[in-house]
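All heavy atoms count here, side chains included; hydrogens, waters and symmetry mates do not. Every chain is numbered from 1, with letters handed out A, B, ... down the list of sequences.
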Amino acid sequence: MSTTQISEEESQTIVSSPKSIILRISRSNPQTGTAKSFMEFKVPYEKWTTVLDAILEVKKHFDHSVGVRYSCRQATCGSCGMIINGKPRLACFTKIVELNSDVVTVEPMNNFPVIRDLAVNFDRMFSTHKKLKPYIVRDDSEITSKTKEFLQTPEEVEKYIQFSSCIKCGLCNSACPTMATDSSFIGPQALAQAYRYIADSRDKGKNERLKIIDEPHGIWRCHFAGSCSMVCPKGVDPAMGIQLLRGYLLGFRR
Amino acid sequence: MEKQENKEGIKGWLNPGRYGIERFAYWLMRLTGIGLLVYFIAHIYETSTILNGKAAWEKMLDLTQTTEGHIILAIVIGMCVFHTANGIRLMLGHGGIGVGKPGRPDYPYTPRSINMKNKLCIYASIGLAALAMMYGLGVMFGE
Amino acid sequence: MVNSIEYDLIIVGSGLAGLRAAIAAAKKSSKIKIAVISKVQVMRSHSVSAEGGTAAVLFEDEVDTIESHIYDTIKGSDFLADQDVAERLCTEIPKEILQLEHWGMPWSRRKDGRVDQRNFGGYSFPRATYAADKVGFFEMQTLYDTCQKFDNIEFLNEWYATSIIHDGQRFLGITAIELSNGTFYTIKAKAMIISTGGAGRIYSYSTYALSSTPDGLDMAYRAGMALKDMEFVQFHPTGILPSGILITEGARGEGGYLLNKDGERFMKRYAAGKMELAPRDIVSRAMMTEMNEGRGFHHETGVDCLKLDLRHIGDEVIKEKLGGIREISLKFSGIDPATEPIDVRPVCHYMMGGIHTNIDGATELQGVWAAGEAACNSVHGSNRLGANSTSECIVWGRITGELAVDYIQRGIPSTPFPLHLVDAEEKRIYDGIFRGRGDVNPYEIRQELTDTMNDKAYVYRNETDLTAGLKKLRELRDKMWKHVDDKAKEYNTNFTNVMEIDSMFRVAEVVLIGAINRRESRGSHARTDYPTRDDVNFLHHTLAYYDPKEPIMRKHPVTITKYKPVERKY
Amino acid sequence: MRESIVMKVHYGTALGAVALVAVHILFRLTQEFSKSLQYESVIANYEFLPYALVLELILVLISIHGFNGLRVILLELKQGRGYEKAVTYGCIAAMVAVIAYGSRTIILASMGMS
Ligand SMILES: Cc1cc2nc3c(=O)[nH]c(=O)nc-3n(C[C@H](O)[C@H](O)[C@H](O)COP(=O)(O)OP(=O)(O)OC[C@H]3O[C@@H](n4cnc5c(N)ncnc54)[C@H](O)[C@@H]3O)c2cc1C
Ligand code: HEM
Ligand code: SF4
Ligand code: F3S
Ligand code: FES
């Protein structure tokens with residue numbers, strides 16, 4: 001059996017691999033009361049095989065019923081966040097070889113309700129994101145026939161572009177220690193987005209957003225543990241965004 | 001509820017192996033905060049015995065001025081120094097100072113808020129705490 | 001009893017087209033209840049992968065003209081585009097770029113603060129509006145975030161639509177499964193917009209997201225709508241090995257070279273005027289020719305490839321404008337494009353064909369519109385220019401969103417809901433698939449099917465291969481693979497995977513039959529046995545209608561306004 | 001109350017405490033450690049009014065800071081309307097109790113009531 005999906009015009013070349021790992025997949029189905037247990041599979045890999053490839057290999061050939069969310073396989077859609085060998089990561093952006101381990105354990109992300117196996121429920125994160133008004137707030141945000149663009153220099157773009165790279169994968173929320181116990185905390189994902197829009201020179205919604213995050217389970221429940229930034233696969237650095245955001249509330253910044 | 005949300009729970013507060021020194025500092029900050037609060041309450045109770053006259057005060061001293069007492073006091077000194085020093089770092093950080101400037105991230109991404117400045121401050125806080133503890137022990141046992 | 005819910009407008013598919021439609025509709029009327037249905041979580045749609053740019057004329061005050069954009073599009077299409085439609089695209093898109101800008105899109109800027117543009121294949125001027133090399137991602141984010149303003153847009157995340165219910169004349173609703181708990185629903189509605197995107201996963205070497213399967217096309221096809229021009233499949237010149245992840249055309253737009261084994265910029269032999277920035281069909285054919293004639297590199301995975309050289313562009317420009325592909329290249333091939341050329345090979349990338357619509361995006365069924373890659377309003381003809389697809393998604397997203405609301409507001413007489421159709425659909429998927437029996441692994445069948453498409457209907461095609469492919473496809477289809485081993489209701493991706501495979505067979509068949517029938521070479525469809533364009537016999541669109549036995553093929557005229565077909569040279 | 005005001009108080013009390021605890025400790029260091037603990041010298045300290053004032057301030061600031069810190073931790077630990085109310089009021093009550101008890105010592109001792 002081959003792991004690769006390469007094929008070419010003339011004929012399909014199968015590259016067989018001598019190397020393999022044990023993939024341990026966490027299985028559970030809370031809706032039917034099936035408790036968490038691990039299933040192990042021996043999966044061959046190449047130097048380019050990602051953890052997602054390995055899981056899909058299992059799904060293809062060993063057990064069709066593995067519940068896993070995926071789509072883009074190139075770290076842009078944010079579907080495949082999970083705990084891999086103990087750390088929150090994107091399965092499609094983690095190569096087996098990087099893990100330096102003969103055993104790869106995959107579990108659903110922490111701090112999200114599990115739907116089944118590796119798939120978790122994002123409802124709360126999405127609705128929190130919505131609550132923070134993640135859009136340009138100003139009266140003339142709709143164009144008319146005479147509209148010209150709002151000018152913005154490359155330097156002004158630089159101020160928010162990194163926060164704009166968030167793929168809503170939820171890894172940061174899964175890593176944050178506050179999220180580990182506080183189910184009402186806004187969380188790093190949404191806070192970073194609040195900052196993304198406030199830092200945008202076109203936006204005028206700063207005060208509205210600051211009001212929303214200034215509540216007992218708001219921005220103050222971040223203690224600058226920085227774990228969110230460590231796991232973020234896109235370099236968003238939510239920890240920085242949150243501290244800068246708090247700067248406004250503390251009067252360090254205008 | 002907690003189970004359903006797959007929360008890590010209190011053990012999720014620690015995880016320094018997974019997330020590094022910043023996470024350790026976070027946890028130490030909590031621990032020292034609580035520790036100091038406990039000491040503080042005890043200390044107020046301790047000092048209140050002064051109102052009951054010299055005998056009571058000295059009885060209390062007998063209780064606290066022991067080897068264990070001194071060790072506890074040294075730990076409190078350490079906690080206080082760490083909590084204070086790290087607290088000052090955090091206050092600056094929370095205000096957006098020393099967390100880096102936003103800008104285009106380049107792969108492989110290294111978050112600017114997790115920087116040497118902060119790490120050094122954490123190490124310094126721990127170092128200072130250790131020094132203070134040793135100094136305290138020196139003073140207390142040095143006679 | 002089947003669960004039933006009701007909306008005014010349902011939008012199936014939440015890519016650029018679907019989200020733009022949702023905003024247009026919500027803006028037009030806050031009273032209309034809108035549902036956006038997507039089999040993935042809304043913001044995870046395939047559109048996030050679009051990299052290079054969105055074509056629009058923004059600098060009419062400097063050099064560019066809309067007229068030129070129209071002509072480039074038509075010439076790029078090898079004159080199979082409907083010219084009135086191309087004109088609509090090019091006149092509408094500049095406004096949309098500004099509207100996105102006003103909603104927060106982080107377009108890359110010029111020093112003077114205006115929105116910047118870059119070069120792209122087949123255009124006479126730099127016309128691809130870009131945001132580094134994550135255009136689709138940022139557009140999706142802007143639209144998704146803007147949707148949050150409207151309280152009458154409801155997202156049905158991870159709902160899999162299975163069929164369209166109508167009474168022969170008018171649209172009445174759909175059936176769908178909520179994946180998180182496996183509940184089967186009928187969703188009644190007054191109007192529908194199909195924006196289920198492309199179906200490029202019928203090829204195994206593909207830039208598409210793994211979710212880009214033809215379920216939406218198939219749904220419309222089964223409901224009696226025609227699929228148009230499905231034989232035209234675009235192969236992008238630069239996919240990396242082995243995953244097929246895209247290296248954007250923007251890389252060549254910023255000045256990248258394509259090199260063969262001899263270190264030669266071979267494009268000079270195929271399109272001396274435009275070199276690497278010729279339209280994609282031409283570049284891909286050139287690359288296949290180079291490799292077939294032995295001037296390719298042998299990649300360690302066993303296939304041939306060529307090199308995309310960006311070294312002369314410089315590290316800083318690469319980081320600034322091509323950060324995404326730098327990340328992909330470093331991660332997946334361990335190559336830093338600033339110091340080493342990237343291994344690339346033509347890869348399935350776009351489907352010009354789709355659900356047959358008119359210039360307004362209206363399908364043949366009253367109350368149903370189609371927009372985006374799932375639709376074929378014939379703006380791209382036989383070959384799409386890079387950066388014109390996101391433009392199309394946005395323009396027709398808005399148009400169909402507004403028209404659907406108009407239609408709903410005009411009032412629709414109520415008709416009894418044909419419950420027997422819901423029963424029939426329930427039987428089809430639950431008895432036919434979920435409880436199906438068989439011993440053949442459906443995932444292996446899928447692999448074989450997609451490999452066959454890769455083998456037999458790739459850049460260069462011929463009668464023998466195509467008919468062999470069709471034969472193989474039918475053999476595979478008749479094997480016993482229609483069964484679902486996972487019996488759980490909750491998040492049963494095994495079930496959806498098998499339904500996807502089912503739809504792949506019908507749509508792949510149309511692609512192959514269309515390709516067999518078109519005995520000419522036009523745009524992306526290159527027949528080695530008929531190497532020239534034949535305007536006498538084939539200047540027409542292909543329509544395919546569903547029939548349980550075999551698709552019924554028809555012809556449909558091309559709208560030509562000002563531009564007479566001429567030989568296409570770059 | 002807005003959480004930002006509470007937290008500003010939290011930071012403010014921390015800063016105040018830094019200064020005052022420094023004074024408190026330095027004051028103790030002016031004497032030899034064991035001597036500083038002797039009944040007479042402690043009483044003398046209390047009776048030195050400015051110092052008593054410093055002690056009172058420390059007491060108030062640290063109580064506010066410490067119990068607010070406790071409130072924060074407890075809020076993060078568990079959620080729910082009733083629980084959160086109980087935590088908030090519980091912390092305020094405990095804070096008031098500690099301040100009252102501590103103040104009693106300081107006031108009585110400084111007035112030489114012992
Ligand atoms: C790698 C890549 C790069 C590209 N780069 C560019 C570029 O630079 N410029 C450009 O102009 N174009 C580009 N394109 C093309 C362009 O991205 C796509 O044509 C466009 O994004 C399609 O958008 P869409 O809205 O039609 O559908 P998609 O974004 O494909 O969305 C389809 C939606 O339909 C949903 N769906 C499908 N089936 C079902 C079902 N059965 N039930 C419920 N929901 C369903 C999916 O969940 C998804 O939400 C690129 C394409 C690729 C593959
Ligand atoms: C004297 C200097 C002190 C400084 C500069 C200081 C600073 C801080 C800061 C900045 C925080 C917030 C941490 C965060 O939100 O992440 C904090 C929390 C806390 N402090 Fe202090 N503090 C000091 C003294 C004390 C003392 C003496 C006590 C004990 C009574 C105490 C108890 C607490 C508690 C319980 C917390 C909450 C812990 C947490 O949220 O992590 N602090 N301190
Ligand atoms: S901030 Fe980073 S980790 Fe968090 S959701 Fe966004 S991309 Fe994921
Ligand atoms: S991990 Fe959590 S505590 Fe703050 S810095 Fe990140 S949100
Ligand atoms: S599959 Fe899209 S991020 Fe991993």
Side-chain angles (χ1 to χ4, degrees), chain A residues 30 36 86-88 107-114 120-121 124 157-163 165 174-183 195 199 219-220 222-253, chain B residues 1-33 83 86-119 121-122:
Chain A
K36 179 166 161 172
K87 265 192 205 175
E107 297 164 85
M109 273 197 289
N110 282 120
N111 310 340
F112 288 85
V114 176
V120 298
N121 182 321
R124 181 163 175 269
V157 175
E158 191 93 319
K159 292 209 167 85
Y160 69 87
I161 191 74
Q162 94 177 73
F163 305 104
S165 308
S174 167
C176 174
T178 305
M179 297 297 288
T181 50
D182 188 342
S183 43
Y195 184 72
I219 189 165
W220 306 100
C222 163
H223 304 283
F224 194 19
S227 314
C228 48
S229 296
M230 282 184 209
V231 299
C232 177
K234 288 279 134 184
V236 173
D237 204 345
M240 183 209 284
I242 297 169
Q243 312 321 317
L244 294 175
L245 195 52
R246 181 152 38 195
Y248 289 115
L249 287 164
L250 287 176
F252 279 68
R253 322 175 85 222
Chain B
M1 186 74 177
E2 298 225 329
K3 189 118 206 102
Q4 214 184 359
E5 290 182 32
N6 195 24
K7 296 253 171 227
E8 268 189 294
I10 296 190
K11 71 176 195 305
W13 286 358
L14 185 55
N15 277 327
R18 212 192 266 183
Y19 301 114
I21 188 79
E22 286 80 2
R23 189 71 169 249
F24 184 59
Y26 156 87
W27 176 77
L28 261 190
M29 188 71 187
R30 295 233 126 150
L31 210 63
T32 54
H83 190 92
N86 192 48
I88 291 169
R89 172 187 76 94
L90 281 176
M91 279 190 273
L92 293 174
H94 287 181
I97 295 167
V99 297
K101 250 181 71 177
R104 176 197 78 213
D106 290 328
Y107 182 81
Y109 307 114
T110 40
R112 274 169 270 232
S113 66
I114 310 294
N115 53 30
M116 241 20 229
K117 247 185 287 172
N118 274 294
K119 282 190 205 293
C121 285
I122 296 171

Chain B contact via Val231(A) - side chain, backbone, both or neither, heavy atoms under 4.5 Å:
side chain
Check whether Lys101(B) gets within reach of chain A through its side chain, its backbone, both or neither, counting any heavy atom under 4.5 Å.
backbone
Honestly, the part of Ala199(A) sitting under 4.5 Å from a heavy atom of chain B is neither
Identify, with sequence neighbours excluded, every residue that meets salt bridge (charged side-chain N to carboxylate O under 4.0 Å, His left out) alongside Arg23(B).
none
Do the side-chain N and O atoms of Ser174(A) and Asn110(A) include a donor-acceptor pair separated by under 3.5 angstrom?
no
Proximal component of Asn121(A), with respect to chain B [non-hydrogen, under 4.5 Å]
neither
Region of Pro108(A) in contact with chain B, defined by heavy-atom distances below 4.5 Å:
both
Chain B contact via Tyr160(A) - which portion, at a heavy-atom distance below 4.5 Å:
neither
Does any non-hydrogen side-chain atom of Gln243(A) lie less than 4.5 Å from one of Cys222(A)?
yes
Pairing of Glu5(B) and Arg124(A) as salt bridge, 4.0 angstrom limit:
no
Contact class of Cys232(A) relative to chain B, heavy atoms under 4.5 angstrom
neither
Most heavy-atom pairs under 4.5 Å with chain B, out of His223(A), Met109(A), Arg253(A), belong to His223(A)
With side-chain contact (heavy atoms from CB on, under 4.5 Å) as the criterion, how do Met240(A) and Ser229(A) come out once you've worked through the C-alpha distance, each side chain's angles and the decisive distance to 0.1 Å?
CA-CA 8 Å; Met240(A) 183 209 284; Ser229(A) 296; 5.9 Å; no
Enumerate the ring-ring contact (aromatic ring centres under 6.0 Å, His included) contacts for residues 95-118 of chain B, please, sequence neighbours excluded, ordered by first and then second residue.
Phe93(A)-Tyr107(B), Tyr107(B)-Tyr109(B)
